[in-house]
Amino acid sequence: MLNNTQIRYCLDQMGEMFPDAHCELIHSNPFELIIAVSLSAQCTDALVNKVTKELFKKYKTPEDYLRVPLEELQTDIRSIGLYRNKAKNIQSLCRMILDDYNGELPKDRDELTKLPGVGRKTANVVVSVAFDVPAIAVDTHVERVSKRLGICRWKDSVLEVEKTLMKRIPKDEWSVTHHRLIFFGRYHCKAQNPQCPSCPLLEICREGKKRMKGSAVSHG
DNA sequence: CTCCCGATAT
DNA sequence: ATATCAGGAG
């Protein structure tokens with residue numbers, strides 16, 4: 001586990017690597033954002049953006065998603081994957097927004113979690129990005145990077161990772177750090193091919209040093 | 001724990 | 001061929 005000085009070093013280095021880290025899911029309002037994040041499960045942002053470009057032209061309001069048969073919405077999002085669950089969730093979510101929330105997306109994290117297909121990670125993204133509430137959404141990148149670096153423990157659950165990050169990062173840096181962790185994981189500390197040799201965090205990264213030792217170039 | 005699932009990178 | 005992608009629900 002990294003100490004507080006090493007954590008500070010990580011945050012500062014990531015700030016230099018990705019000073020403009022931001023939400024890459026294209027959206028123009030909170031409703032579009034929660035649709036985009038719901039679609040993004042087990043799928044790249046790039047592909048979500050490709051689909052929502054056309055989707056958001058056809059569907060502007062919760063009523064629009066409910067006007068079409070389920071099969072039509074499935075077809076419109078098919079290339080995303082997991083499309084049956086996602087299409088059903090979107091229609092149920094729209095029904096609930098109209099029936100239980102007077103047509104307006106709730107701004108509370110725990111209320112958002114009551115919506116079908118919206119778990120803690122999706123709700124954290126929405127409150128953080130759309131409503132400017134400090135939050136750390138733990139996705140696959142945040143979890144992997146936090147564990148590799150030693151910001152949290154290897155055995156931590158997703159929820160435990162989030163709590164550890166909230167404990168170890170100043171609250172006014174939660175949202176920006178969250179996006180830097182994602183950029184760092186997506187573009188540098190990648191799942192399959194991590195860029196350890198050029199990593200400014202290598203000297204404090206337990207996993208990175210282990211990888212470098214295992215792939216030494218020298219033969220003698 | 002399993003299932004949902006197509007697109008893309010390796 | 002296989003791993004991975006801004007997860008969530010049963």
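A quick note: this is a predicted structure, and the numbers were derived from the prediction, not measured. Chain A is the first sequence line, chain B the second, and so forth, proteins listed ahead of strands; every chain is numbered from 1.
dA9(B) atom C1' lies 13 Å from atom CD of Q195(A), rounded to whole Å. In this structure, R180(A) places its CZ atom 18 Å from C1' of dA6(C), rounding to the nearest Å.
Hydrophobic clustering (side-chain heavy atoms under 4.5 Å, transitive across Ile, Leu, Val, Met, Phe, Trp, Tyr) keeps M96(A) apart from L98(A).
The listed nucleotides are dA6(C), dC4(B), dC5(C); the one nearest the side chain of R144(A) is dC5(C). Distances from the side chain of T140(A) to the nucleotides dT4(C), dG7(C), dA7(B) place dG7(C) closest. Here the side chain of D139(A) is nearest to one of dA6(C), dC5(B), dA7(B), namely dA6(C). In the set dC5(B), dG6(B), dA6(C), dC5(B) carries the atom at the smallest distance from any side-chain atom of L82(A). Comparing atom distances between the A191(A) side chain and each of dG6(B), dG8(C), dT4(C) picks out dT4(C) as nearest. Taking every side-chain heavy atom of Q192(A) into account, dA9(B) is the closest of dA9(B), dG6(B), dA6(C).
The environment of CZ in R153(A) is sparse: at most 12 heavy-atom neighbours from other residues, nucleotides or ligands sit within 6.0 Å. When the shell of 6.0 Å around NZ of K107(A) is examined, it contains 12 or fewer heavy atoms from other residues, nucleotides or ligands.
With a 4.5 Å cut-off on side-chain heavy atoms, V125(A) and D139(A) do not count as touching.
Checking the phosphate oxygens (OP1, OP2) of dA6(C), a side-chain nitrogen or oxygen of R186(A) falls inside 4.0 Å. One finds a side-chain N or O of R84(A) lying less than 4.0 angstrom from the OP1 or OP2 phosphate oxygen of dC5(B). Between K50(A) and dG6(B) there is no side-chain polar atom (N or O) within less than 4.0 angstrom of OP1 or OP2. For T122(A) and dA6(C), the shortest distance from a side-chain N or O to OP1 or OP2 is not below 4.0 Å.
Rounded to whole Å, the C1' atom of dC5(B) lies 12 Å from the corresponding atom of dC5(C). Only the P atoms considered, dC4(B) is 23 Å distant from dA1(C), to the nearest whole Å.
The aromatic ring centroids of H22(A) and F183(A) lie less than 6.0 Å from each other.
Closest-nucleotide positions on DNA chain C for E24(A) and V118(A) were compared, and the one nearer the 5' end corresponds to E24(A).
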